[in-house]
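Notes follow once the structure below has been shown.
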Amino acid sequence: MKKHFRNLPIVKFLIKYYKAELMIINFIFMLAIYFYINTIDYQLNHLTYTHIFYISIVLVGSLVGPYAGLIAGLYAGILAGPLLPRDLLAGTAQQFPDWFFRLFMFSMVGLLSGILSADYQKLNKKMEDYLIQHPDSKLYNINALQHINLKDDQVYMVTTILIENYEMITEVLGYKAYYDFLNLIKTRIQKIYKDTYVIFPEERRLWILKKSDDYRDEIQNIVNIMKHIKDNIEQRLFVNFGLGFDTRMYHEDDDLSQYFISTDMTAREAIKRHILYLRYSNLKTDSRQEYEISYDFIESLENNQIFMYYQPKINLETGKPESLEALIRWEHNGVLIPPNEFIPVIEKTSLIQQLTKSVFTWVIEYHIELRNHGLYVPIAVNISAKNLYDVSFYTNMMAIFNQYDIQPKDIELEVTETVLVSDYEQITTNLQRFYDKGFKISIDDFGKGYSSLSYLSKLPFTGIKIDQAFAKDILTNTANQKIVESTIKLANDLNLDVTVEGVETVEVRDIMKAYHCKYAQGYFFKKPMPKNEMTQYLLDTIEKQTKKH
Ligand code: C2E
Ligand code: CA
Ligand code: CA
């Protein structure tokens with residue numbers, strides 16, 4: 001009820017211009033006094049009544065300000081001075097020093113009451129700020145929530161930024177750096193969203209409250225701000241944080257601190273799941289699209305928790321390994337996460353470029369390491385579709401490649417078949433450049449999609465890898481037997497290297513050999529294994545080369 005009254009336009013107007021109104025009222029009041037004195041049938045000296053002006057002068061000075069007080073004093077001084085006769089009946093004017101002295105006193109009282117009141121208000125504001133501000137960071141504390149005015153029935157975006165390792169940050173960099181970091185977050189957010197409240201309820205979190213217009217957009221923007229801030233500070237320190245988002249419709253008398261219960265929880269869950277952010281509504285549904293992979297991934301990359309396993313490709317004629325495939329592994333909190341679980345998530349972010357660069361470097365270095373053992377073994381790297389969409393992919397890879405003394409044929413690229421049928425042009429351009437340079441290129445998971453070899457033969461590649469699904473049921477599925485046999489034949493005719501994947505039994509190996517498949521890969525021969533084991537295995541199985549290829 002009270003609030004509705006305050007929302008009336010006339011009330012709003014009166015509140016907004018109350019200072020001007022106060023001045024006008026007081027000036028009218030003084031004028032009225034003046035006329036009253038002029039007509040008074042007096043017992044006292046009528047000039048005594050001019051003291052009434054002090055009331056208005058002090059009121060204007062203290063409520064409107066020092067200059068308004070000064071003006072009120074001058075105005076009263078003139079009314080009670082040259083305009084007011086010394087003797088009302090005779091109409092004799094006052095002597096100049098008399099009225100001038102009074103005018104001076106009036107003005108001084110107006111000015112001083114203004115100055116004193118402004119001082120008092122400043123002090124009061126300081127006290128108030130002190131109550132709602134965190135003293136060192138100058139960020140609003142939890143008490144500030146009571147001073148926030150929100151609009152009824154308006155939707156607000158509620159966010160918690162939870163900084164999990166704040167103790168580590170303050171221990172290493174000190175509190176000042178930490179508060180600077182928080183203030184930087186605040187400034188960046190308020191730069192794009194002016195009317196945003198940033199609250200600092202306790203050391204490890206920030207709360208953000210903002211009128212919501214486009215929730216998804218707003219989430220994206222805040223996530224981006226946090227990502228970039230992280231990039232800035234990352235060189236000095238790893239910041240582990242999670243963001244929780246929610247929306248609320250504001251109703252009069254809501255307790256705002258309750259709004260953040262859901263987002264605090266969501267931010268905590270985001271950290272637990274090693275993801276950057278989570279929406280409260282997704283807390284239960286666990287929808288993968290809605291969140292991005294955790295920045296833990298970058299940290300893992302730097303801490304050698306991401307590394308390669310290697311699996312040999314066996315030449316079916318000789319039964320010996322001839323090359324390797326590099327397969328990525330992520331050891332996270334002591335658990336080995338399979339690539340199928342995190343590659344698709346990484347692929348949604350630009351991290352995939354960084355990842356492929358690292359893989360490329362590690363693989364080249366391992367190739368050289370093997371060469372130093374007298375072993376010549378080309379290694380295949382899996383390339384993501386996202387890499388091939390990137391125009392600078394070839395240049396970036398070559399920048400790495402050129403740092404080493406190796407040849408293009410030492411490295412093979414594996415590209416999945418499904419990639420090749422979409423966004424054809426950019427992908428072909430990239431592949432063609434590698435092909436022309438002399439890199440081997442294989443089509444991975446061949447047969448999984450619907451494209452035929454004749455269709456694909458327009459593309460630059462040197463080999464195919466028949467999808468594991470075929471090896472799985474080749475012994476029982478006669479249709480697949482025919483497909484595999486004719487595919488191998490066609491590939492051989494086209495002079496392409498054929499590898500069959502997922503060979504787990506001797507029977508499958510034999511049937512593939514009978515089809516004249518050149519290479520095979522699978523648990524029957526070797527499972528993927530770490531570098532050192534692989535080196536030992538190769539030393540045991542293949543002959544050392546005396547000269548460099
Ligand atoms: P892929 O390229 O088809 O790799 C073959 C997968 O089959 C590997 O799984 C390998 O461990 C597994 N495998 C090998 N032999 C057998 C077998 O006899 N039986 C069975 N059941 N499986 C076998 P992994 O290592 O889990 O990799 C899965 C996928 O993740 C890969 O499929 C590849 O697409 C992707 N991937 C792996 N490493 C990388 C990488 O460095 N970059 C990118 N972009 N993707 C990668
Ligand atoms: Ca592969
Ligand atoms: Ca494959």
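Every number for a ligand or one of its atoms is a count from 1 in the order of the listing. We're numbering straight along the sequence, starting at 1.
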How close does the nearest protein non-hydrogen atom get to [atom], and which residue and atom is it?
atom                    : value
atom 4 (O) of ligand 1  : L327 CD2, 3.6 Å
atom 24 (P) of ligand 1 : P339 CG, 3.6 Å
atom 1 (P) of ligand 1  : D444 OD2, 3.9 Å
atom 29 (C) of ligand 1 : N340 OD1, 3.3 Å
atom 38 (N) of ligand 1 : I328 N, 3.0 Å
atom 42 (N) of ligand 1 : N382 O, 3.3 Å
atom 3 (O) of ligand 1  : D445 OD1, 3.3 Å

Under 4.0 Å from ligand 1, counting heavy atoms only, is it the side chain of [X], its backbone, both or neither?
X    : answer
K472 : side chain
V381 : neither
E325 : side chain
E501 : side chain
P528 : side chain
V503 : backbone

Side-chain H-bond candidate by donor/acceptor type, Y193 with E218, under 3.5 Å: no
Identify, by name, the N, O or S atom of D444 lying closest to the Ca ion (ligand 3).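 It is OD1, the N, O or S atom of D444 closest to the Ca ion (ligand 3).
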Per residue D445, nearest N, O or S atom to the Ca ion (ligand 3) is named OD1
If the plane angle is over 60° it's perpendicular, under 30° parallel, otherwise tilted; pick one for Y366 and Y310. tilted
Once the angle between the rings of F200 and Y179 is folded into 0 to 90°, is it parallel (under 30°), tilted (30 to 60°) or perpendicular (over 60°)? perpendicular
side-chain contact (heavy atoms from CB on, under 4.5 Å) between T266 and D246: does it pass, once the steps are laid out? CA-CA 9 Å; T266 314; D246 195 6; over 6 Å; no
With ring pair (Phe, Tyr, Trp, His ring centres under 6.0 Å) as the test, pick out the partner of W330 among F307, F342, Y309. F342
Between F181 and Y166, ring centroids under 6.0 Å: no
Please tell me whether F439 and F401 form a close aromatic pair, meaning their ring centres lie under 6.0 Å apart.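 Yes, close enough.
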Might you check, step by step, whether the distance between atom 9 (O) of ligand 1 and some protein heavy atom is under 4.0 Å?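 Flag for atom 9 (O) of ligand 1 set to false, no protein heavy atom closer than 4.0 Å.
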Verify the contact flag for atom 27 (O) of ligand 1, where contact means a protein heavy atom under 4.0 Å away.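 Under the 4.0 Å cut-off, atom 27 (O) of ligand 1 does have protein heavy-atom neighbours.
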Nearest-option assignment for atom 20 (C) of ligand 1, heavy atoms, candidates Q311, K465, M308, E504: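 Among Q311, K465, M308, E504, the closest heavy atom to atom 20 (C) of ligand 1 comes from E504.
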Of the choices F524, Y309, F360, Y523, which has the non-hydrogen atom that lies closest to atom 16 (C) of ligand 1? Y523
Can [X] be said to touch ligand 1, with heavy atoms closer than 4.0 Å?
X    : value
R329 : yes
Q468 : yes
P338 : no

With the Ca ion (ligand 2) at the center, what angle do OE1 from E414 and OE2 from E325 span, rounded to 10 degrees? 90°
Quick check on contacts: which atoms of ligand 1 are under 4.0 angstrom from a heavy atom of S384? 44 (N)
